[in-house]
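So that the names make sense, note that chain A is the first sequence line, chain B the second, and so on, each numbered from 1.
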2 protein chains.
Amino acid sequence: MGETAHRTLRADAERNRRRLLHAATEVFCERGIDAGVGEIARRAGVGRGTLFRNFPTKEHLIAAIVVERLRESCARGRKALEAPDPGEALFELIEASICRSATDRALFDALADTWLAKDEIRDAHSALLETLDALLRRAQRAGAVRPDVSAVDLMMLVKGVCEAAFAFRHVNPEVAMRQIDLVRAALRPAAGAPPLRGHPPTLADLQQPAAGDDAKARPAA
Amino acid sequence: MGETAHRTLRADAERNRRRLLHAATEVFCERGIDAGVGEIARRAGVGRGTLFRNFPTKEHLIAAIVVERLRESCARGRKALEAPDPGEALFELIEASICRSATDRALFDALADTWLAKDEIRDAHSALLETLDALLRRAQRAGAVRPDVSAVDLMMLVKGVCEAAFAFRHVNPEVAMRQIDLVRAALRPAAGAPPLRGHPPTLADLQQPAAGDDAKARPAA
DNA sequence: ACCTGAACACCGTTCAAGT
DNA sequence: ACCTGAACACCGTTCAAGT
């Protein structure tokens, strides 16, 4: 298992795959996720058929990008584990995530049940969550973060803030900073504040095979 | 100006319009926003053409639903202004929003610049924000909420939490409760905590005509 | 093996013909 | 005035023919 697990491709095929991923990242950032696959293929300099040879479907192409971002984020997290101040290491990672939310938007979009159903994404996501958990526990041991929050709680909070910050990226970049400050305040060890209700959600909670899709999707009204 | 500003429709037309809105709300909740307009028309018992006579485009149909939700939410906010405890009135409204996020998802999706560009949505959104502002100031005067957050800060934070809660609605409903508690902690008047950086974003900040679309949409990479 | 673009199916939208 | 469904354009996906 490792980097070259994907059975070796012909040189030109490998190059096309990389070009497609690069072009797709660009195009999705510019025109949004609904951008046509035709433009992606054109910008990558290949035929439309080649896109579907490398990625069985548009969703798979998106998933590949998401996995890339998840892995990068995980790597940043592991580096942060070596930083001297446990609290600041965690907060700076959060801050970086929020600031990168323009480009990493796909990352956070992927943390919904639809996408987590995909195996590769779920695996990369688990790895990230474990790293986040290590960072969080370290910060908690140092007394920088309240002890009752779990990594899943934190991930959800940050996901939300990132999406909100992204939605308003054009109108006022300063609000992102303020959201970060609010997250810090939420995580601060509370003096007389009540603890979080319920019990801390665990990684396993997120990995129940998404019950929806066609099982019990009927709404009330 | 008022409720019957929309010039009177023929009886059957008015009925079709309502049926379409109802069917669309249902279908979007079940199958998501990408559900086909064909199914909506079928469930409403009208031809596809009728849908486009009432709503010039699928986006307009969605916008109509969003405006409905924004108005409802605004009404709940005004009612909360009359509740005795200023702090709890605000927090309960937030809690209600998060719990309704499954059905009100469209509401929060609409608080991105793309949608705020639409006049009707922007107006309904302004009204909601003004109500929220009144609730917030009242809670701040009562000392229940730190004085440096603005209604826009709060709206963004809640939007994020709602979307995160929605994304995990199937896996663990308890996490929503915990997110609410985190929001409460973030808003608590902080003892020795640093104030939010920058200056409080105002309603006007959100209403700059979204600069994007085709002006300066070029990304870095 | 892999690439390509014409062909297919699907969905949002339009419009000529109906009442 | 309003309704309808066939027709159009567009986009994701497939596949027979090429190298």
task: Tell me the partner of C/dC10, counting only Watson-Crick (N1-N3 plus N6-O4 or O6-N4) or G-U wobble (N1-O2 and O6-N3) with both under 3.5 Å; none if nothing fits.
output: none

query: Which nucleotide sits closest to the side chain of B/N54: C/dT13, D/dC3, C/dT4?
result: D/dC3

query: Nearest of C/dC3, C/dT4, C/dT13 to any side-chain atom of A/R53?
result: C/dC3

statement: Of the candidates C/dC2, D/dT14, C/dT4, the side chain of A/F52 sits closest to D/dT14

task: Measure from the side-chain N and O atoms of B/D123 to the backbone N and O of B/E120, and report whether any donor-acceptor pair falls under 3.5 Å.
output: no

task: Using atom NZ of A/K58 as one end and atom P of C/dC10 as the other, report the distance to the nearest whole Å.
output: 18 Å

- request: Give a yes/no on whether any side-chain N or O of B/N16 is located under 4.0 angstrom from OP1 or OP2 of D/dC3.
  value: yes

message: Please report the distance, rounded to the nearest Å, between CD in B/E59 and C1' in C/dG12.
response: 12 Å

field: A/D119 with A/R122: basic N within carboxylate O range, under 4.0 Å
entry: yes

query: Side-chain donor or acceptor of B/R48 under 3.5 Å from a matching atom on the base of C/dT13?
result: yes

- prompt: Please give, in whole Å, the distance from D/dC3 C1' to B/E14 CD?
  reply: 16 Å

task: Would you mind reading off the distance between B/E39 atom CD and C/dC10 atom C1', rounded to a whole angstrom?
output: 14 Å

task: I would like to know whether A/E68 and A/L21 meet side chain to side chain contact (heavy atoms under 4.5 Å, CB included); could you show each step before the answer?
output: CA-CA 10 Å; A/E68 263 189 346; A/L21 275 174; 4.1 Å; yes

- request: Would you please confirm or rule out a distance under 4.0 Å between OP1 or OP2 of D/dG12 and any side-chain N or O of A/T57?
  value: no

message: Between P on D/dC11 and CD1 on A/I62, what's the gap in Å once rounded to a whole number?
response: 15 Å

message: For a quick check of understanding: with a heavy-atom distance under 4.0 Å over all strands, which category does B/A35 fall into, base, sugar-phosphate or nothing?
response: sugar-phosphate

- request: Consider the side chain of A/A13, meaning its heavy atoms from C-beta on, and name the nucleotide among D/dC3, D/dT13, C/dC2 that approaches it most closely.
  value: C/dC2

message: Looking at B/R31 and B/E26, is there a salt bridge between them, counting it only when a charged N and a carboxylate O are closer than 4.0 Å?
response: no

- line: In whole angstroms, the gap separating C1' of D/dA1 from CZ of B/R17 amounts to 16 Å

task: Grab the CG-C1' distance between A/L51 and D/dC11 for me, whole Å please.
output: 13 Å

message: Please report the distance, rounded to the nearest Å, between CZ in A/R15 and P in C/dC2.
response: 14 Å

field: Identity of whatever pairs with D/dT4 - Watson-Crick or G-U, under 3.5 angstrom
entry: C/dA16

field: From CG (B/L132) to NE2 (B/H125), nearest 0.5 Å
entry: 9.0 Å

- prompt: Base, sugar-phosphate, or nothing: which does A/G49 touch, judged by heavy atoms less than 4.0 Å apart?
  reply: base

